[in-house]
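Shown next, in structure tokens, is the structure this report addresses.
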Number of protein chains: 2
Amino acid sequence: MKRIAESTVRRLSIYLRFLEESENRGLATISSQELARRGGTTSAQVRKDLSFFGSFGKRGLGYSVPELSASLRDILGLRRTWNVIIVGAGKIGTALAQYRGFRQRGFIVSAVYDRDPRKIGTVWESLTVRDVAGIEKDIDAAAPDIAVLAVPGEEAQGIANRLVKAGVKAILSFAPTQIHTPADVTVRSVNMAMELEGLSFALTSRDRNGAEDGLDSASR
Amino acid sequence: MKRIAESTVRRLSIYLRFLEESENRGLATISSQELARRGGTTSAQVRKDLSFFGSFGKRGLGYSVPELSASLRDILGLRRTWNVIIVGAGKIGTALAQYRGFRQRGFIVSAVYDRDPRKIGTVWESLTVRDVAGIEKDIDAAAPDIAVLAVPGEEAQGIANRLVKAGVKAILSFAPTQIHTPADVTVRSVNMAMELEGLSFALTSRDRNGAEDGLDSASR
DNA sequence: CGGAGCTTGTGAATTGATTCACAAATTATG
DNA sequence: CATAATTTGTGAATCAATTCACAAGCTCCG
């Protein structure tokens, strides 16, 4: 099977979000044009993205909203639930553990870990914070699909190594540093510092060059 | 001036993070090779990225750690501080408002807004939550550089429109939906759902294709 | 001080992603 | 039922990003 670009997968997510919204509003069909408008891209891009996975539309008519929704959920692997653990019960970890959106989309947080004895044992919404020291044993037993890494930068790589050794194959990292893993482990990372610096760069170079005529309108 | 790719700017951030770490450890010089290893890229990529902005190294020796650090901070616009407001005092907004990393890197959170009367007036770390109804007046007076959007998806576009109309030129959005703005406003967005779905896709297609031989090692 | 050993900076080549453009399929209309 | 109006799916063309590869410059050592 052909390798799918990450940019394509990101856009599929965006299309799905909008399709679900359209589904709720009772729309029956939608064109690549409209999907593109809302996703901040072009209709050719939408069709190309979908074409990697099959042929979902009807010429002259567009796509059936519920059918395309279902297909995208299928492609993205969202027909099942995923077992997620969160490592790090600091500001971010706490916010994530309580974030409703996770469960809503089938990502079930089954455990939260920290190393701070003052945090271990505390309970949020039916989840007890566990000691990170025992995480390998837990991973062995529960085989979580995804680990969310919400620990300070200095500790991130060390914890990642332990997670990988214990068998975790997917990591969502919030650490401000780059995480290295073997090729069979997928890492996505959210780096706030990087995003802010991207904005800082944009604001600065705009000033430096005098009202740049750039033409980006939708984000990323 | 040539347009700089977003991917280049993202990498500059990564290089800077590692340079600062090296600076703290007292390293004097560093090669593109080493920078690449830690940034999960190649030495040619590092040199190309830097070449867009000038010539910072010494052949045969590498880059001076403090000099390159300073140059990158300069390029990224980090020699000054930036005035940041946070809109939405929910889980994410709260976590962000208290996040030390912001201030550390020169992003000063000057105000937090919400529309919930129960939240308006509450205080965290010397910041009082203000009524979002009056945000236009505040923006007029304080001219914040960056607005962090941490409101529910349904409200995000509406608030973004108000921010833009009031003069905000840079937005960091945490909304799960795409935000549209005029070309002169830069938007970066962090979309948790998208990241999780990316992992779900990777895990699923790995299974579907039977232990894919992909060769990604560092994240994004 | 001369040669060996590195490492940068950068055009050229390659690889990858996006956009174009159009035939084919479908619906709507009179 | 024929014609006009849409809209998909997809090779080909273009545009963008990455990698290659090597001359040029610097350091170090004997």
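What you see is a predicted model; the values in this text were computed from it and never measured. Order of the sequence lines fixes the chain letters, A, B, ..., with proteins taken first and strands second; residue numbering starts at 1 for each chain.
- Judged purely by distance below 3.5 Å, without hydrogens or angles, the side chains of E195(B) and N191(B) never pair a donor atom with an acceptor atom.
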Using nucleotides 16-19 of chain C, report all nitrogen or oxygen pairs with the protein that are shorter than 3.5 Å.
from: dT18(C); atom 1: OP1; to: R11(A); atom 2: NH1; distance (Å): 3.1
from: dT18(C); atom 1: OP2; to: R11(A); atom 2: NH2; distance (Å): 2.9
from: dT18(C); atom 1: O5'; to: Q45(A); atom 2: OE1; distance (Å): 3.3

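- Not one N or O on the side chain of N83(A) forms a donor-acceptor pair closer than 3.5 Å with the backbone of D145(A).
- No donor-acceptor contact under 3.5 Å links the side chain of R59(A) to the base of dT26(C).
- When each of K58(A) and G54(B) is assigned the nucleotide of DNA chain C with its nearest heavy atom, G54(B) is the one assigned upstream, toward the 5' end.
- Atom OG of S110(B) and atom CD1 of I85(B) lie 6.5 Å apart (nearest 0.5 Å).
- We find that CG of L61(B) is positioned 14 Å from P of dC6(C), with the value rounded to whole Å.
- One can place CZ of F56(B) at 17 Å from C1' of dT7(C), the figure rounded to the nearest angstrom.
- Protein chain B contacts DNA chain D over a range whose 5' and 3' limits, counting nucleotides with an atom under 4.0 angstrom from a non-hydrogen atom, are dA17(D) to dC26(D).
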Exercise for the section: I would like to know whether T186(A) and R206(B) meet side chain to side chain donor-acceptor pair (under 3.5 Å); could you show each step before the answer? Expected result: CA-CA 10 Å; T186(A) 306; R206(B) 207 182 295 270; 2.5 Å; yes

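- The backbone N or O of E67(A) lies less than 3.5 Å from a partner atom in the side chain of S71(A), making a donor-acceptor pair.
- For L68(B) and dT7(C), the CG to P distance is 16 Å, given to the nearest whole Å.
- Counting heavy atoms from C-beta on, the side chains of Q104(B) and F102(B) never come closer than 4.5 Å.
- A donor-acceptor pair is defined here as one N or O able to donate and one able to accept, closer than 3.5 Å; no such pair exists between the side chain of T81(A) and the backbone of F107(A).
- Computed from coordinates, the L50(B) CG to dT8(C) P distance equals 9 Å when rounded to whole Å.
- One side chain, R47(A) or S32(A), offers a donor N or O that lies under 3.5 Å from an acceptor on the other.
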